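Below: the structure, in structure tokens.
These numbers come from a predicted model, not from an experiment. First listed ligand is number 1; within each ligand, the first listed atom is number 1. Just so it is clear, the values below take in all heavy atoms, side chains as well, and ignore hydrogens, waters and symmetry mates.
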Amino acid sequence: MREGSHVIVLPFPAQGHITPMSQFCKRLASKGLKITLIIVSDKPSPPYKTEHDSITVIPISNGFQEGEERSQDLDDYMERVQTSIKTRLPKLIEDMKLSGNPPRALVYDSTMPWLLDVAHSYGLRGAVFFTQPWLVSTIYYHVTKGSFSVPSTKYGHSALASFPSFPMLNMNDLPSFLCESSSYPNILRVVIDQLSNIDRVDIVLCNTFDKLEEKLLKWVQSLWPVLNIGPTVPSMYLDKRLSEDKNYGFSLFDANVAECVEWLNSKQPSSVVYVSLGSLVVLKEDQMMELVEGLKQSGRFFLWVVRDTEKKKLPRNYVEETGEKGLIVSWSPQLDVLTHESVGCFLTHCGWNSMLEGLSFGVPMIGMPHWADQPTNAKFMEDVWKVGVRVKEDVNGFVKREEIVRRVGEVMEGEKGKEIRKNADNWKMLAREAISEGGSSDISINEFVSMFC
Ligand code: UDX
């Protein structure tokens, strides 16, 4: 490799994007590349080195003044982020060139496609990074090509959607923004725009692995220079004998690791339901109550992540009154939890990182998708990979307590549960294979690195 080969990595500022892209940086660093990871943040600060000497982190502003309230308007937020990056990035690239450390590529988040032209205008190769799987990006692609039209309503719609290499999809299996386009027109624009210039991109990276989306892989590779490099979970969690550092990149939240692990240590193997709906899902109050009651009536131990902003929806004194039956935390060390032997199943919103983590650790899942890519991820989880079940919603998208109780029972015990555990073990092995030396994702990462030799 050429001495000092150097790439810039720039994730969108959300946990579900920062986590996989910063983990990807570690894989690149372990293969000898130098990395500058640019984090768009509320708190810009001077550059610093991570525990990996070859990764430098540069936190830059998201365009809001210190203390200024962050806008809820996505268009405004995206515009500020874009302006801030366009102001800072050229100068950073020039400085890197002057210091004898010129970057050769910009790896940028797919939600910021305009970064391709920025990369090219400074002589860098543009590598787009999709943090979501092909099973959703290809649906967005069909929309951009006009081969699928966005339906006007979500529920009460009996039509099925058919895409090449997909199982038939019901309307509520589609990425939500397609079916709720009138509620989230600006988010729909962002997700569709991800594909707007993909035909001009030099390298297309995706946090998935070949076997997981085998049927789609041939098709996407016939269109674009695709490299699947996932799952981006640290390999030490797949093989606890490894001594790689446990830091899973940059977290916007803090977890009390000891509290969770000690609590789990006190429970029997496979006895706990782990509940987490990721970093963004906001539940309606009545849905939160159904979950409270569903978990209680399931009679199982549970470890439940309820972010601070969601806590006010819990019944008064709930945390104290739950006693030994449940531990409620604001944020968990999710990888430590999912790899703990006491965890018997994962009630998840089916965010892509959580899905990959559940699959990689062989944890049976109960999908309770909320929006975005989650319904489509849930469909594949239940019907294609067969590693869990999806809760049934009523016509208003509401999940009743009885359904939660039924699904917890189904996955934690009985014949279906056994079948799911067997499949989950198989996917765990395949995920491990993909990122091990000589596995499909490891080969893809080597290929990426060799482009800069
Ligand atoms: C968002 C979208 O909601 C999701 O649909 C999309 O696929 C990615 O971006 P998010 O909702 O945060 O992400 O979910 P997810 O993709 O699952 O990412 C959450 C990450 O936070 C995971 O890596 C998970 O391990 C971590 N996490 C979550 C914790 O470490 N502790 C927690 O308590 C909860």
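Annotation for ligand 1: atoms under 4.0 Å from non-hydrogen atoms of Ser279 are 10 (P), 11 (O), 12 (O). Heavy-atom contacts of Val305 reach the following atoms of ligand 1: 33 (O) (cutoff under 4.0 Å). Interface of Ser276 with ligand 1, defined as ligand atoms under 4.0 Å from a residue heavy atom, comprises 34 (C).
No hydrogens or angles considered: nothing links the side chains of Lys211 and Ser440 as a donor-acceptor pair under 3.5 Å. Under 3.5 Å, the side chains of Ser110 and Gln194 contain a donor-acceptor pair of N or O atoms.
For the ring-ring contact (aromatic ring centres under 6.0 Å, His included) with Tyr274, the qualifying choice from Trp304, Phe361, Phe346 is Phe346, the only one to do so.
Considering Gly278, Cys350, Ser332, Ala14 only, the shortest heavy-atom separation from atom 31 (N) of ligand 1 involves Ser332. Proximity annotation for atom 23 (O) of ligand 1: of Gln15, Glu357, Gln334, Gln374, Glu357 comes nearest, heavy atoms only.
With sequence neighbours excluded, no residue satisfies ring pair (Phe, Tyr, Trp, His ring centres under 6.0 Å) with Phe301. Partners of Asp442 according to the side chain to side chain donor-acceptor pair (under 3.5 Å) rule, which considers only residues two or more places apart in sequence or in another chain, are Lys31.
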request  = Please step through side-chain contact (heavy atoms from CB on, under 4.5 Å) for the pair Tyr108 and Phe12, ending with a clear verdict.
outcome  = CA-CA 8 Å; Tyr108 63 92; Phe12 181 75; over 6 Å; no
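An N or O contact shorter than 3.5 Å links Trp352 to ligand 1 by distance. Between Trp371 and ligand 1, not a single N/O pair is under 3.5 Å apart.
Salt-bridge annotation for Glu321 and Arg316: absent, with no side-chain N of the basic residue lying under 4.0 Å from a carboxylate O of the acidic one.
Under the 6.0 Å cut-off for aromatic ring centres, Trp219 and His142 qualify, their centroids lying closer than that.
Between Thr131 and ligand 1 there is no heavy-atom distance shorter than 4.0 Å. For Ala255, the heavy-atom gap to ligand 1 stays at 4.0 angstrom or more. At least one heavy atom of His349 lies less than 4.0 angstrom from ligand 1.
Looking at Asn353 against ligand 1, both its backbone and its side chain come within 4.0 Å, counting heavy atoms.
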